[in-house]
Every structure is written in structure tokens, then in C-alpha cells.
Trainee: 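One structure coming up, written as C-alpha cells, with questions to follow.
We count ligands from 1, going down the list as the structure has it; atoms in each ligand are counted the same way. In what follows, every heavy atom counts, from backbone to side chain, and hydrogens, waters and symmetry copies are set aside.
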Amino acid sequence: MKLPNARSVILHEDLTSLSQVVAQRIAELSESAIEARGLFRIALAGGESPRRCYETLRELPLDWMRVYVYFGDERCLPQGDAQRNDTMAYQTLLNHVAIPAEHIHVIPAEKGALRAAVDYASLLENDLPLDLVLLGMGEDGHTASLFPDNPALQGTASAVAVFNAPKPPPERVSLSMSTLNNARHKLFLVAGAGKREALQAIANGASLPAAKVIGAEWHLDHAAWG
Ligand code: 6PG
């Protein structure tokens, strides 16, 4: 499958093998970043697709003392809410590795989208570009919390407030498209038959949000690429 703006498209039999390969890629990218600059800044993806990858990653020998974690987006829900992206990341990965707590930069989405986006943008000020942004893709072709035809897509700050998101909750915070594109590496994890239509649309030239990420490595499972 060819995706117009992709740097590479890697096809996997299933989510398990996709997750194992991506976990290995993250370990490789962390090693080269730490070797080059002494640290590795990664933005984690939310949703369900990355779960198994995170569970695999926690078993790999990364130098967690030199890893700094950010989030591609967050849902405006109370801290600790089961539906928050950071909750999933703590449960599957961050509670299981020796990363200093102060290296984990959650998005304060419980403050509401506007306040949280401003706070996160100032936190990011001296930390960009990120070394790696992990991204999922929704069935409508959204990525992070950048949804088709949503004003947040035009946001120029490093983190943007999102309202009226079609995927609940409606209020979110997201890294902006420019922050995603300025990362040194971008990696999509896309699995499941539900993503097939959006992938096909992107392959046919549709300018969906996920297609606006330039030069990403796309990891797809068989169910998604058909
Ligand atoms: C979110 C995610 C979102 C997710 C895609 C894919 O808050 O929902 O950040 O961008 O990555 O919707 O979600 P699944 O992996 O659950 O299909």
C-alpha cells in the first residue's frame, strides 16, 4: 500500500507482531537519540492500539533515566480518569519502568482545553523538537486529537485546545500539526479493519489529518491494510 506522504509503510500480520516491531523501533530510536544528544524525548499515543506495544516496550532495556515522556493528546477528563490517555500509558508502561516521575509530562487536561493547551505549550517551549511522536489514526483519519475540519488543525501554538471532537470527550488538548511535523521521527501504529476506509482514502490522496503528517513511518496490520 502506498501512502503519499509516508516515509515508509511496514505491513504486519497482526497487532501483536506490529506491537513487537514498533517497541523495538522505539528502543532503537531512543538509543540513537541518547547517543547523539544525551536524552530521548517521546510523545506517546493514546487510544487502544498502542497498549500491546507499551506492554512490550516495558520489557526492553531502554536507558529510562534519559527518557522524557510527553503526550500527543489528552482528553479533558479528571486526573486518573480511566478514559484518559495518560492513565493507559501509566497502566501499561510508565508504572513498570524506572523513569523518574519528573520526566513524565502529562497534559493537565483536567484544567479545561484552553488553560491546559497554554500551560502545555509553555512546558514544551524549551523541549522541542521531540525525538519521536507515536501516533494512532481514527476511523475518520484523525490523529492525536486533530480531527477533520476542526479549527484545531490550523492552530499555530505547539499545543492546541480542541472543541467539538466527534470522538468523545468533545473537549481535548492536542499537539499541533506543526509540533508533530517538526519531530525528528513520526511513527503511526494503525490496526483493525475499522481503519481500512480512511487508509484507502489517504492512499487515494484525501487530505485527512493523518495524511498531513509528513515523512512518517506507518506500521499497519493486515486487518487495516486489507
Ligand atoms: C484518542 C487518541 C486518538 C487515537 C485514535 C485511534 O484520544 O482517542 O489520541 O488519536 O490514537 O483515535 O484510537 P484507537 O487506537 O483506539 O483505534
Trainee: Nearest protein heavy atom to atom 5 (C) of ligand 1, by residue and atom, and its distance?
Mentor: His142 NE2, 3.4 Å

Trainee: At less than 4.0 angstrom from any non-hydrogen atom of Arg75, what atoms of ligand 1 do you find?
Mentor: 1 (C), 7 (O), 8 (O)

Trainee: Would you mind telling me if ligand 1 is within reach of the side chain of Leu135, the backbone, both or neither, using heavy atoms under 4.0 Å?
Mentor: neither

Trainee: Heavy atom under 4.0 Å from ligand 1: found in Ala144's side chain, backbone, both, or neither?
Mentor: backbone

Trainee: Could you tell me whether a side-chain N or O of Arg196 sits under 3.5 Å from a main-chain N or O of Glu139, the two making a donor and an acceptor?
Mentor: no

Trainee: Hey, does the side chain of Arg172 reach the backbone of Pro169 with a donor-acceptor pair shorter than 3.5 angstrom?
Mentor: yes

Trainee: Less than 4.0 Å is my threshold; does some heavy atom of Glu139 fall inside it relative to ligand 1?
Mentor: no

Trainee: Which residue and non-hydrogen atom of the protein lie closest to atom 17 (O) of ligand 1, and at what distance in Å?
Mentor: Lys195 NZ, 2.7 Å

Trainee: May I have the step-by-step check of salt bridge (Lys or Arg N to Asp or Glu O under 4.0 Å) for Arg75 and Asp81, ending in yes or no?
Mentor: CA-CA 10 Å; Arg75 304 159 182 193; Asp81 187 291; over 6 Å; no

Trainee: For ligand 1, find out whether one of its N or O atoms is nearer than 3.5 Å to an N or O atom of Ser145.
Mentor: no

Trainee: Apart from Leu114 itself, which Ile, Leu, Val, Met, Phe, Trp or Tyr residues share its cluster (side-chain heavy atoms under 4.5 Å, direct or through members)?
Mentor: Phe163

Trainee: Identify which of Ser49, Ala224, Ala45 has a heavy atom lying nearest to atom 15 (O) of ligand 1.
Mentor: Ser49

Trainee: Give the residue, atom name and distance (to 0.1 Å) of the protein heavy atom nearest atom 16 (O) of ligand 1.
Mentor: Glu48 N, 2.8 Å

Trainee: Pick one of side chain, backbone, both or neither for how Arg172 approaches ligand 1, counting any non-hydrogen atom pair under 4.0 Å.
Mentor: side chain

Trainee: So if I apply the salt bridge (Lys or Arg N to Asp or Glu O under 4.0 Å) rule between Glu217 and each of Arg7, Arg184, Arg25, which one comes out positive?
Mentor: Arg25

Trainee: Give the atom numbers and elements of ligand 1 that come within less than 4.0 Å of a heavy atom of Asn85.
Mentor: 1 (C), 7 (O), 9 (O)

Trainee: Give the atoms of ligand 1, by number and element, whose distance to some non-hydrogen atom of Asp73 is under 4.0 Å.
Mentor: 1 (C), 2 (C), 7 (O), 9 (O)

Trainee: Going by heavy-atom distance to atom 8 (O) of ligand 1, choose the closest among Glu74, Met137, Arg51, Lys167.
Mentor: Lys167

Trainee: Where does the angle between the aromatic ring planes of His219 and His12 fall among parallel (under 30°), tilted (30 to 60°) and perpendicular (over 60°)?
Mentor: parallel

Trainee: At less than 4.0 angstrom from any non-hydrogen atom of Gly136, what atoms of ligand 1 do you find?
Mentor: 11 (O)

Trainee: Do Glu48 and Arg51 meet the salt-bridge criterion of a basic N to acidic O distance under 4.0 Å?
Mentor: yes

Trainee: Might you work through the side chain to side chain donor-acceptor pair (under 3.5 Å) test for Thr179 and Asn182, ending with a clear yes or no?
Mentor: CA-CA 5 Å; Thr179 302; Asn182 289 335; 5.9 Å; no

Trainee: Around Asn204, counting heavy atoms of other residues, nucleotides and ligands shown, do more than 12 lie under 6.0 Å from its CG?
Mentor: yes

